[in-house]
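Report on the following structure.
Every chain is numbered from 1, with letters handed out A, B, ... down the list of sequences.
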Protein chains: 2
Amino acid sequence: MLSKKTQYALRALSFLAARFDQGPVLIHEIAEQKKIPIKFLENILLELKNADVLDSKKGRGGGYFLKTAPDQTSLAKVMRIVEGPIALLPCVSLYFYQKCADCTEEVCSINGVFIQVRDATLKILESKTLEDIQELRLEAIDFSI
Amino acid sequence: MLSKKTQYALRALSFLAARFDQGPVLIHEIAEQKKIPIKFLENILLELKNADVLDSKKGRGGGYFLKTAPDQTSLAKVMRIVEGPIALLPCVSLYFYQKCADCTEEVCSINGVFIQVRDATLKILESKTLEDIQELRLEAIDFSI
DNA sequence: TTATTAGTCTACAAATTTTGTAGTGTTATT
DNA sequence: AATAACACTACAAAATTTGTAGACTAATAA
């Protein structure tokens, strides 16, 4: 399961994606709208900024905003930043590889399946972007058509 | 990432699968061969027994063994027993469903992707069984052919 | 240039989960 | 009976996650 931190990050990004190109959004506003503890959210947004997903502006009129268009950031990238590895086993991770502690088998009989799971998962998460999880804003839809 | 507990469970089952139909195996032997803390392993095996994956025999000549043939137990089943949910979000889990805490969206824009990830993962884990992760025993292969 | 606004950064604390241990009980075999 | 081996409960240590505090820096506007 994804940690709360990652869930918070996805919600915040979903919100910011819907406001792309509309100027900076206050941390305060995101926290309130998405019911995320504000100080926790501060840390998360900062981490995403340091990883080049977000950008920010200080002072009056400041806030956070997507650094690039929503379709330019994959969900895989976001998850690696806030959650860490996507693979289910360390010995099968592409970005966070670690030799299995105490692996006693000469040829691992377990990792094959988890390579398949990893690839199936990545196929989706690498192709889906913030655009795909963008908050739907009903007030932005013209029902008069 | 899978917890150590789940990794231990998979290793133990991989070992027991290779010994299916050869009588009970001592906890002690599994622990030693697979380098798993024995008391921790006891708890794991017991849990798998209570979930009908394993069976056991007490007293001299006793031990643990698979309750059914290796190809009868899917990895999804094992993971649900020892790890819990396979889905990445509670609101998308089939067996451990929970309403997302503080979900503020009328229509969730996030869960769609994670339903796809869940289905792709399950397609693999439901079809793969203990037979597929069975330990390869080199000494059991006849190289003279 | 000073007051105010809003993000930055470090450190810590509380809560929860994971990992591992101890010890006693129960059942089967010899 | 004695012994072997799993069963079960409870607890403890360690690690991780979640959340908070507070001082600092940069940008804006009066």
Rounded to the nearest Å, what distance is computed from the CZ atom of residue Phe65(B) to the C1' atom of nucleotide dA28(C)?
-> 13 Å

Of all the nucleotides listed (dG7(C), dT19(C), dT21(C)), which has the minimum atom distance to the side chain of Ser56(A)?
-> dG7(C)

Go through the side-chain N and O atoms of Glu105(A) and Ser109(A) and say whether any donor and acceptor fall under 3.5 Å apart.
-> yes

Does a side-chain N or O from Ser3(B) land closer than 4.0 Å to OP1 or OP2 of dT19(C), or not?
-> yes

Here the distance between atom P of dG19(D) and atom NZ of Lys35(A), to the nearest Å, is 15 Å

Ring centres of Tyr8(A) and Phe40(A) under 6.0 Å apart?
-> yes

Of the nucleotides dA28(C), dT8(C), dT29(C), which one has an atom closest to the side chain of Arg60(B)?
-> dT29(C)

Given atom NZ of Lys49(B) and atom C1' of dA7(D), what is their separation to the nearest angstrom?
-> 8 Å

When you check the gap from the basic side-chain N to the acidic O, do Lys34(A) and Glu29(A) get nearer than 4.0 Å?
-> no

Which of the following nucleotides, dC9(C), dG19(D), dT19(C), is nearest to the side chain of Tyr8(A)?
-> dG19(D)

Would you kindly give the NZ-to-P distance between Lys5(A) and dT16(C), to the nearest whole Å?
-> 19 Å

Assign each of Leu41(A) and Ile27(B) the nucleotide of DNA chain D bearing its closest heavy atom; nearer the 5' end lies the nucleotide of Ile27(B)

Measure distances between side-chain N and O atoms of Asn43(A) and base N and O atoms of dT18(D), and say whether any donor-acceptor pair falls under 3.5 Å.
-> no

Listed nucleotide nearest any side-chain atom of Lys39(A), set dA22(C), dG22(D), dA27(D) = dG22(D)

From the list dC8(D), dT19(C), dT29(C), which nucleotide is the closest neighbour of the side chain of Lys57(B)?
-> dT29(C)

Side chain of Asn50(B): nearest nucleotide among dG19(D), dC8(D), dT17(D)?
-> dC8(D)

Does a donor on one side chain sit under 3.5 Å from an acceptor on the other, for Gln98(B) and Ser93(B)?
-> no

Regarding the side chain of Lys58(A), the nearest nucleotide among dT25(D), dG20(C), dC6(D) is dT25(D)

Spacing between Glu42(A) atom CD and dA23(D) atom C1', to the nearest angstrom = 12 Å

Closer to the 5' end of DNA chain C via nearest nucleotide, is it Gly59(A) or Leu46(A)?
-> Gly59(A)

Donor-acceptor pair, side chain of Thr6(A) and main chain of Leu2(A), under 3.5 angstrom | no

Once you round it to whole Å, what is the distance between P of dG7(C) and CG of Leu45(A)?
-> 9 Å

Rounded to whole angstroms, how far apart are CE on Met1(A) and P on dT16(C)?
-> 17 Å

Nearest whole angstrom, please: distance from the P of dA7(D) to the CG of Leu48(B).
-> 12 Å

